[in-house]
Structures are given as structure tokens and as C-alpha cells.
Colleague: 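A single structure is presented below for examination.
Labels below follow one simple rule: chain letters A, B, ... track the order of the sequence lines, proteins then strands, and each chain is numbered from 1. Hydrogens, waters and symmetry mates are skipped; everything else that's a heavy atom, side chains included, is used.
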Protein chains: 2
Amino acid sequence: MFTINDASKRTNLPVKTIRYYDEVGLVSATGRTPAGYRLYDDRSCQKLGFVQRARQFNFSIEECRELLSLYEDHGRPSREVKKITLSKLELLQRQLDDLTTLTLELKTLANQCTGDDRPDCPILNAFSAPPVKTAS
Amino acid sequence: MFTINDASKRTNLPVKTIRYYDEVGLVSATGRTPAGYRLYDDRSCQKLGFVQRARQFNFSIEECRELLSLYEDHGRPSREVKKITLSKLELLQRQLDDLTTLTLELKTLANQCTGDDRPDCPILNAFSAPPVKTAS
DNA sequence: ATAAAGCCTCCAGTAACAGGAGGGTCAACC
DNA sequence: GGTTGACCCTCCTGTTACTGGAGGCTTTAT
């Protein structure tokens with residue numbers, strides 16, 4: 001059995017985060033000492049590590065909860081996991097596209113801006129008027 | 001002078017959001033009717049539109065506040081605006097890189113997963129063990 | 001006159017924690 | 001046996017940028 005600090009070191013998760021996961025019932029502590037200290041065993045440390053990696057893949061807490069229950073259920077079909085993953089991928093792709101467009105547009109604006117002492121600024125000009133919508 | 005609803009239509013911002021911008025002092029209402037209804041003039045509508053577009057470019061409220069004050073100050077050097085924009089671009093680029101890596105990794109995992117009735121799932125396997133770190 | 005639409009304020013909730021106050025616990029050292 | 005220092009606990013607040021809703025006026029249209 002490990003203290004929360006040990007579990008933290010094993011999983012690279014901050015102590016605060018582990019407490020939070022316990023609180024929201026994502027990964028509960030295995031038990032408590034008489035003094036009320038949280039205790040974690042190998043299995044729960046493994047689950048914490050699982051969540052840590054899934055979180056790095058941008059899965060939300062709720063999605064982690066779902067993945068965790070599939071992870072726990074050894075008879076589950078891989079179809080379900082793949083479904084969750086694919087819908088997450090779709091979301092990521094959309095975010096990626098948005099961010100790419102954004103970056104390009106902003107780069108263009110920054111390039112057009114002289115960045116000197118003069119007050120004329122294409123960036124502010126672009127922000128002060130609607131883009132495409134031509135007022136007639 | 002426009003009601004908050006008119007301002008909303010002119011700027012494509014939800015009424016709630018306009019109220020929020022007033023509350024946090026980003027774009028204050030020009031005045032109030034005797035009954036307490038917010039009023040907006042052309043100028044404040046323009047500022048709302050400015051913020052709306054800057055927000056689309058992922059500028060935070062605080063950054064919008066800064067840009068807005070530069071926008072209002074007609075003697076400001078474009079250097080300052082460019083500085084803010086470039087640092088924002090840097091952040092965007094980092095987000096973009098992270099998201100790209102993430103998407104690629106997740107895609108690889110999804111491709112390896114059969115997604116059928118069998119319980120074996122490379123996605124969960126990848127999450128249940130540390131990635132590169134080879135235990136020896 | 002009344003109903004619908006619009007406006008107001010205030011409160012709660014969102015995601016996923018982080019920081020800090022205030023206080024108990026444990027191990028080691030002198 | 002006392003005391004430091006490292007840990008642990010709970011509870012509260014703050015973060016970002018809003019959104020939704022309750023409860024209650026005001027305005028507009030019929």
C-alpha cells in the first residue's frame with residue numbers, strides 16, 4: 001500500500017490531482033489509515049497511470065471514466081473503445097483545422113504589419129471591420 | 001442608440017455575452033434608459049464587433065482589453081500590436097504542434113484496433129502501460 | 001386588457017484542477 | 001520527551017468565458 005505521495009511519484013500525477021480523482025470517484029483510494037490518510041495499491045496506481053496517459057490524449061474525465069470501465073471489463077468488445085476513440089479523433093481534427101486556419105490568418109496579418117512607430121496597423125484594421133461581409 | 005438586442009444582431013454576439021462584457025468592463029454600455037435597459041451607440045457596437053473578431057482569433061478577454069485600448073489610442077505604434085500578435089502566434093503554434101502529435105498518435109492506435117467483438121484492444125493496452133520507458 | 005417578447009439582477013454551473021488556510025500526524029534526531 | 005520538518009487532511013476560493021435559469025419589471029402589439 002502506498003501513500004498518496006508514493007502514488008504521485010509512480011504516476012507522475014500531482015497529489016492534488018489524485019485527491020481530485022478520488023473526490024469525483026474516477027479513481028478512488030483503496031482505503032485509509034486510521035489517521036485518515038489515503039492508501040493506494042498497485043491496481044489503483046495502475047488505474048491512475050491509465051488515466052494520466054488517457055488525459056494526455058485529450059480524453060476528458062468523463063471519457064476516462066468510460067474508458068476505465070471498459071479497461072476493467074475484460075470481456076468488452078474492442079469496438080466500443082474504437083468508437084470513443086474515433087469520435088475523439090473527429091473532434092481533434094476539427095480543432096486542428098480551426099487552429100490551422102486561425103494561425104495562417106493571423107500570420108498573414110502579422111506579416112502585413114510593419115511593427116514600427118507608426119500608428120497604422122493592418123491587424124487592428126482587420127479587427128475593426130467585418131471581414132467578408134460587404135456592406136452595400 | 002440601440003437596445004442590447006439590436007446590438008446583439010449587429011455584432012453576432014449573444015445578448016448574455018454583451019451583458020458579460022459590460023459587467024467585466026470590456027465594453028461598457030453607453031447608457032441606460034430610465035427603466036434600466038442598457039443602451040449602445042454606433043461606437044460601442046463597433047467595439048463589440050472588434051472584440052467578437054479578436055475573440056475568434058483566440059485572443060483572451062484580457063488581450064482584447066489591451067488590443068482595444070491600442071485600438072482606441074490613435075497615436076499608438078503598431079509595434080505594440082504586433083508584439084501581442086506574435087506572442088499569440090507562438091502560443092497557437094505550440095497548441096498546433098501538440099494537437100498534431102496527439103492526433104497522429106491516436107490515429108495510429110485507432111488503426112491498430114480491430115474494432116470488433118474481440119476484447120483485445122491496442123488502444124487500452126497503450127493506455128495501461130507507460131509508452132517508451134522500457135522496464136528492464 | 002392582456003399576452004408575448006424583451007429587459008433586468010442574481011445565482012449556479014461548466015472543466016479540471018491549483019493555491020492556500022488551518023490543523024492533525026509521523027519519523028527522526030537530540 | 002520535545003521539537004523540527006515533511007506529509008497528510010478538509011474546506012474554500014479562484015481560474016476562463018461564458019450559459020442557463022429563476023423571479024420579476026417594462027414595452028409593444030393586438
Colleague: Under the side-chain contact (heavy atoms from CB on, under 4.5 Å) rule, collect the residues that match up with A/T114, sequence neighbours excluded.
Modeller: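 Partners of A/T114 by the side-chain contact (heavy atoms from CB on, under 4.5 Å) criterion, ordered by chain and then number, come out as A/D116, A/R118, B/S78.
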Colleague: Whole angstrom is fine here: how far is it from CD in A/E62 over to P in C/dA15?
Modeller: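 It is 7 Å, rounded to the nearest whole Å.
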Colleague: Excluding sequence neighbours, so at least two apart, what forms side-chain contact (heavy atoms from CB on, under 4.5 Å) with B/K107?
Modeller: A/L89, A/Q93, B/T103
Colleague: Does D/dT19 have OP1 or OP2 under 4.0 Å away from a side-chain N or O of B/T17?
Modeller: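 Affirmative; the distance criterion is met.
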Colleague: Tell me the interatomic distance from A/Y20, atom OH, to D/dT13, atom C1', rounded to whole angstroms.
Modeller: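 Rounded to whole Å, this separation is 15 Å.
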Colleague: Has B/R38 got a side-chain N or O lying under 4.0 Å from the OP1 or OP2 atom of C/dT9?
Modeller: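 Yes, B/R38 has a side-chain N/O under 4.0 Å of OP1/OP2 on C/dT9.
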Colleague: Whole Å only: how far is the CG atom of B/L48 from the C1' atom of D/dC18?
Modeller: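 Atom-to-atom, B/L48 to D/dC18, this comes out as 15 Å.
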Colleague: Between B/N125 and B/S128, do the side chains contain a donor N or O and an acceptor N or O under 3.5 Å apart?
Modeller: no
Colleague: If you compare every side-chain N and O of B/Y21 against the phosphate oxygens of D/dC18 (OP1, OP2), does one of them come in below 4.0 Å?
Modeller: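 Yes, B/Y21 has a side-chain N/O under 4.0 Å of OP1/OP2 on D/dC18.
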Colleague: Who else is in the cluster with A/L104 when I, L, V, M, F, W and Y are joined by side-chain contacts under 4.5 Å?
Modeller: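 Joined to A/L104, directly or through intermediates: none.
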Colleague: Using a 4.0 Å heavy-atom cut-off to protein, can you give one letter per nucleotide of nucleotides 22-30 of chain D, 5' to 3': B if the base is in contact, S if only the sugar-phosphate is, - if neither?
Modeller: ----BS---
Colleague: Tell me: CG of A/L39 to C1' of D/dC7, nearest whole Å?
Modeller: 13 Å
Colleague: Send over the distance from B/D22 CG to D/dA17 C1', rounded to a whole Å.
Modeller: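 Result: 15 Å.
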Colleague: For B/E63 and D/dT16, what is the distance between atoms CD and C1' respectively, to the nearest whole Å?
Modeller: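 Roughly 12 Å, once rounded to whole Å.
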Colleague: Counting only side-chain N and O atoms of A/R32, is one of them less than 4.0 Å from OP1 or OP2 of D/dC8?
Modeller: no
Colleague: Between C/dT9 atom P and B/R19 atom CZ, what is the distance in whole Å?
Modeller: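 The distance from CZ of B/R19 to P of C/dT9 comes to 7 Å, rounded to the nearest Å.
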Colleague: Using whole Å, report how far CZ of A/F2 lies from P of D/dC7.
Modeller: 17 Å
Colleague: My understanding is that only residues two or more places apart in sequence, or in another chain, count here; which of them pass side-chain contact (heavy atoms from CB on, under 4.5 Å) with A/L39?
Modeller: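 Once residues adjacent in sequence are excluded, the partners of A/L39 under the side-chain contact (heavy atoms from CB on, under 4.5 Å) criterion are A/M1, A/T33.
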Colleague: A side-chain contact here means heavy atoms from C-beta on lying under 4.5 Å apart; do B/R76 and A/C121 qualify?
Modeller: yes
Colleague: Taking ring pair (Phe, Tyr, Trp, His ring centres under 6.0 Å) as the definition, give me every residue that meets it alongside A/F50, ordered by chain and number, with sequence neighbours left out.
Modeller: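 In terms of ring pair (Phe, Tyr, Trp, His ring centres under 6.0 Å), with neighbours along the sequence ignored, A/F50 is linked to A/Y71, B/F127.
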